[in-house]
Amino acid sequence: MSERRKPYPFDQIEPKWQTIWDEGRAFHAPNPGEQNFDPKKPKYYILDMFPYPSGAGLHVGHPEGYTATDIIARYKRMCGFNVLHPMGWDAFGLPAEQYAIKTGQHPAVTTRDNIGKFKTQLKRIGFSYDWEREISTADPRFYRWTQWIFLQIYNSWVNPQTKKAEPISTYRGDDPDSVRLAYVAEVPVNWCPDLGTVLANEEVIDGKSEVGGFPVVRRPMRQWMLRITAYADRLADELKDLDWPEGIKLLQRNWIGRSGGAEIEFKIENYDELIRVFTTRPDTIYGANYMVLAPEHPLVDRLTSADKRAEVAKYREQITAKSDLERTDLAKEKTGAFIGAYAINPVNDQKIPIWIADYVLMGYGTGAIMGVPGHDERDLEFARKFELEIIPVVQVPGKTPDESIGCLDDGTAINSPLINGLPTSEAKKKIVAWLEEKGQGRADVRFKLRDWLFSRQRYWGEPFPVVWENGKHHSLGESELPLVPPELEDYKPTGTGEPPLAKAKDWVRYSENATRETNTMPQWAGSCWYYLRFCDPANASRFVGEEEERYWMGGPQAGGVDLYVGGTEHAVLHLLYARFWHKVLFDLGYLSKPEPFQRLVNQGMILGEDNRKMSKRWGNVIDPLDVITEYGADALRCYEMFMGPLEQMKPWSMKGVEGVSRFLARVWRLLMEENQAGEWELSPRVQDAAAEKSQQKILHATIKKVTEDIESLSFNTAISQMMVFVNAFTNAPVIPVSVMRTFLVVLSPFAPHLAAELWEKLGQNFQHSLGEINAQTWPEFDPAPLVEDEVEIILQVNGKVRDRVRAPINAPNEELERIALANPRVQEFIAGKTVRKIIAVPNKLVNVVAN
RNA sequence: GCCGCUGUGGCGAAAUGGCAGACGCAACGGACUUAAAAUCCGUUGGGCUUAAAAGGCCCGUGCCGGUUCGAGUCCGGCCAGCGGCACCA
């Protein structure tokens, strides 16, 4: 077995250039004020979603997005931009902690090792990161500022007048703790016994933990919450200013779940209490002939009549016994119980029975609804089950009143004296105005979004900069940051919900009568603002320098990062949380833009060769390092870009890698050939000669296509075009050095090592003083060589191609028509028919319509 | 159930409403070679016509319909796969 000969010496070229770039600080982006900073250059901030450095190392999904951004970063530098292209580590997280539980190795050690591994691997792919800006969220120099931002959130409230965050000192009420953006609440939370921690709603999928798939149960606990709901409206609305995929915007909008409607107050017969309901269809109020409260609704106890008590208690017991999953199971039948009390419908003073039913959720709206069986599917189902009257109050176009039952569409109000005949939108307005005048209702907006459960019972996360004294919390001073977690012997969760930090008794004791908060922040905390730290990673006195922030995060757009690339899995979690923090900091005057990420692109997942998701289970995992060893980093980069559109899901193919590797080897052999001794030297075909017209043409066609394709992130077709270019030169007896220089510049963002090496070889043989390839400017496309005197014209008869002929460029339509009609093939097909019409498209085609 | 995305050769894919299948893979044939690998050249959607080739004709972008001189592309209605949400009033 002899080792297969390398198609070209990438194994020598690639480490060589990586060292040169590293030592020459080739990709360092100077900050304002720094040496070599050129204020005339526009900035371009291009960001990858930074990885969690797992023990498994890189998988092929990482280099996909990273290569795309690297191509753009290299391209933008050559276009004269000051490019910020950083990389760092989302280093707090559960796996390191669970590894610590198993082995006793401190998570900081595990994390440091994993980061080292990741960094080595990333460097072997030749990414042009500014490694001087590397950050880790688990580094006290970083999380000091994560804790500092928490303090800003803690010490703020949203002023309902301005709808913006302000310092808590501007709050005039007597209980500031009730309005803080960070607050403590005893809430039903998602408790995961196997992980020993609570989880955010977003981290629970089908009743199981997103990480590990362990069962999650509802349980009330005292937790830290962030008041993200105060930003719900802006988080939904300001999406419109962003260049994000519409699908992702929709996902966020649906998650935020804004619905406009009205809150309506119903009086209760024989009681002073009121029941408030929320509805999106106040116009259907005449059809409201019963009312439903959530079983947990606080008024249930008070309103239940003596004779119904036993029944109601029994029903509520059944409900509590159910898991969340069972309760939300759509397929099941409606259940409920009449509580023996009546409400008064404000529009007609009718007495309507009050029920409880588990299809009404305490957590949404007011936890109470008016039952409109005529025009709500769920109410209809409920009314049928319990034999309540069903009244149509909206007539849907094209249907009779009775047919309109069960229909949720807009229509015309009927059986509704105040609004009869009005279309739905006007009926809504009129009813709301009428209720408002009576003091029994008002327009209202509700959201599905809940406040963000922000505390975790974990060791490996940021401790809260908070202490407790006499049952009240207050914040640490900024000078007490960073607050470093204590060393622990035992990282295990306590199982009771008490965090592992509570075991460090000395650490917990803050003073005579104050103790530290022992929860830690969730993993999302660091990623909520890491992109800001990249602007000024070493700043010891501020989370980011003002001037640096203005420069990199500024500009004419809504958001500061010019392009953000990462997976769809973060569509609602990370991207929503980061936008929220950003807006708070923006409101407080720390940032120049209201949004963090102007343009977002999601790369598609790479599947295994068997078209399944890559996993150990299927044995279809591809290790990028194996690919690099066999084909080189340039081949890995180009293959991942050549596979298909960036945003699409696509399967891996080793044969495909080989194909791309062959392309790169052909580029190499265009300029190099092997001598008798088996050494590579410059091919004698490469000469300082003028390019032929056809060569100019293909070169400029390639410049044009590659430039446009990089701009539109269509890397697969850019590479196709470069293949076409290389194919065209494969057998050329003379290869003009000027053409090749330009081509290498165009190739260099994709295959930077190969391009740099060949560029150097050309420099050595044709003495130029152009410097290194990375310092070149991106070539301009010249349309002149592409202009021809003649073009091919397609001749069609009745839309079918019958012939193609050459015609002078810009020939007038009359001439094209003449050519078409004179063409023998066309004549053949119109013989015996009448020509009805001739359509001529200049420089393209003629279509003769005949029958 | 609702919302979104995607359906094109044996495979990955390409195509501002204007030549469907660029480019790559695989396959087949050829050149070079003692031979193989590598490399280079060529063929390659299906069917019909033909002794064969050349040439020609017909069909073909998930299915059905529409708009248009012309539809993979636009519109309407289905089907399938993937993803998200799921009693949100």
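In the text below, chain A, chain B and the rest are named by the order of the sequence lines, each starting its count at 1. Every value quoted in this text rests on a predicted model; they were computed, and no experiment measured them.
One P atom belongs to B:rG4, the other to B:rG60, and the distance between them is 31 Å to the nearest Å. Across B:rC23 and B:rC40, the matching P atoms stand 15 Å from one another, rounded to whole Å. When the C1' atom is compared between B:rU73 and B:rG66, the two are found 15 Å apart, to the nearest whole Å. Going from the C1' atom of B:rU8 to that of B:rA71 covers 14 Å, rounded to whole Å. With both ends at atom C1', the span from B:rG45 to B:rG9 equals 5 Å, rounded to whole Å. Separation of the P atoms belonging to B:rG21 and B:rC79 is 33 Å when rounded to the nearest angstrom. Rounded to the nearest Å, the gap between the C1' atom of B:rG72 and that of B:rG62 is 12 Å. Spacing between B:rC63 and B:rG7 at atom C1', rounded to whole Å, works out to 11 Å.
Both A:Glu792 and A:Gly363 sit near RNA chain B, but only A:Glu792 has its closest nucleotide nearer the 5' end. Of the two residues contacting RNA chain B, namely A:Ala368 and A:Glu828, the nearest-nucleotide position lying further toward the 5' end is that of A:Glu828.
In this structure, A:Lys704 is positioned above the aromatic face of A:Phe781, its NZ or CZ under 6.0 Å from the six-membered ring centre and within 45° of the axis. A cation-pi geometry, defined here as NZ or CZ lying under 6.0 Å from the six-membered ring centre and within 45° of its normal, holds between A:Arg579 and A:Trp244.
Across all strands shown, A:Arg825 has heavy atoms under 4.0 Å from sugar-phosphate atoms exclusively, and none from any base. Within the nucleic acid shown, A:Leu845 comes within 4.0 Å of at least one base atom, counting heavy atoms only. At the heavy-atom level, A:Pro245 lies nowhere under 4.0 Å from the strands shown. Residue contacts for A:Thr366: at a heavy-atom cut-off of 4.0 Å it reaches no nucleic acid atom on any strand shown. Among the heavy atoms of the strands lying under 4.0 Å from A:Arg669 are primed sugar atoms or P, OP1, OP2 only; no base atom is included. Using a 4.0 Å heavy-atom cutoff across all strands shown, A:Phe829 reaches sugar-phosphate atoms only and no base atom. At the heavy-atom level, A:Arg802 lies under 4.0 Å from the strands shown only through sugar-phosphate atoms.
Within the 6.0 Å centre-distance limit, the rings of A:Tyr290 and A:Phe382 are counted as a close aromatic pair. Between A:Tyr8 and A:Trp680, the gap from one ring centroid to the other reaches at least 6.0 Å.
Residue A:Glu790 places its CD atom among more than 12 non-hydrogen atoms of other residues, nucleotides or ligands, all under 6.0 Å distant.
Taking only side-chain nitrogens and oxygens, A:Lys650 never comes nearer than 4.0 Å to OP1 or OP2 of B:rG12.
Among the nucleotides B:rA89, B:rC19, B:rG18, the one closest to any side-chain atom of A:Val841 is B:rG18. Considering only side-chain atoms of A:Lys800, the nucleotide from B:rC57, B:rA13, B:rC59 that sits closest is B:rC59.
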If you apply the rule side-chain hydrogen bond (donor to acceptor under 3.5 Å, both in side chains), what do you find for A:Thr702 with A:Gln721, and how did you get there?
CA-CA 6 Å; A:Thr702 302; A:Gln721 178 63 35; 3.2 Å; yes
Let me have a per-nucleotide readout for nucleotides 22-28 of chain B, 5' to 3', with B, S or -, counting only protein heavy atoms under 4.0 Å.
BBSSS--
What is the per-nucleotide protein-contact pattern of nucleotides 70-85 of chain B, from the 5' end, where B denotes a base atom under 4.0 Å from a protein heavy atom, S denotes such proximity for sugar-phosphate atoms only, and - denotes neither?
------------S-SS
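The nearest whole Å value for the distance from the CG atom in A:Asn602 to the C1' atom in B:rG4 is 13 Å. Spacing between atom CG of A:Asn731 and atom C1' of B:rU39 amounts to 11 Å, rounded to whole angstrom units. Following rounding to the nearest Å, A:Asp709 (CG) and B:rA13 (P) show an atom-to-atom distance of 17 Å. Note: NZ (A:Lys249) to C1' (B:rC3) measures 17 Å, nearest angstrom. If you measure from atom NZ of A:Lys844 to atom C1' of B:rG18, you get 7 Å, rounded to the nearest angstrom. One interatomic measurement links the two molecules: CE of A:Met605 to C1' of B:rG12, which rounds to 17 Å at whole-angstrom precision. Between the C1' atom of B:rA86 and the CG atom of A:Leu361 lies a distance of 11 Å, rounded to the nearest Å. One interatomic measurement links the two molecules: CZ of A:Phe729 to P of B:rU39, which rounds to 21 Å at whole-angstrom precision.
Shown are A:Val432, A:Val347, A:Val277; of these, the side-chain contact (heavy atoms from CB on, under 4.5 Å) with A:Ile285 is made only by A:Val347.
Under 4.0 Å is where a charged nitrogen must lie from a carboxylate oxygen, and between A:Glu828 and A:Arg825 at least one such pair does. A salt bridge between A:Lys650 and A:Glu64 is present, with a side-chain N of the basic residue lying under 4.0 Å from a carboxylate O of the acidic one. Using a cutoff of 4.0 Å between basic side-chain nitrogens and carboxylate oxygens, A:Lys697 and A:Glu788 are scored as salt-bridged. Between A:Arg446 and A:Asp444, at least one side-chain N (NZ, or NE/NH1/NH2) sits under 4.0 Å from a carboxylate O, which counts as a salt bridge. One finds a salt bridge joining A:Glu265 and A:Arg442 here, because a Lys/Arg side-chain nitrogen approaches an Asp/Glu carboxylate oxygen to under 4.0 Å.
Both key distances under 3.5 Å define a Watson-Crick or G-U pair, and stretches of 3 or more such consecutive pairs in RNA chain B run B:1-7 with B:79-85, B:10-12 with B:23-25, B:27-31 with B:39-43, B:45-49 with B:55-59, B:62-66 with B:74-78.
For the pair A:Gln252 and A:Leu576, the minimum side-chain heavy-atom distance is below 4.5 Å. Taking the side chain as every heavy atom from C-beta outward, A:Trp355 and A:Met291 never approach each other to under 4.5 Å.
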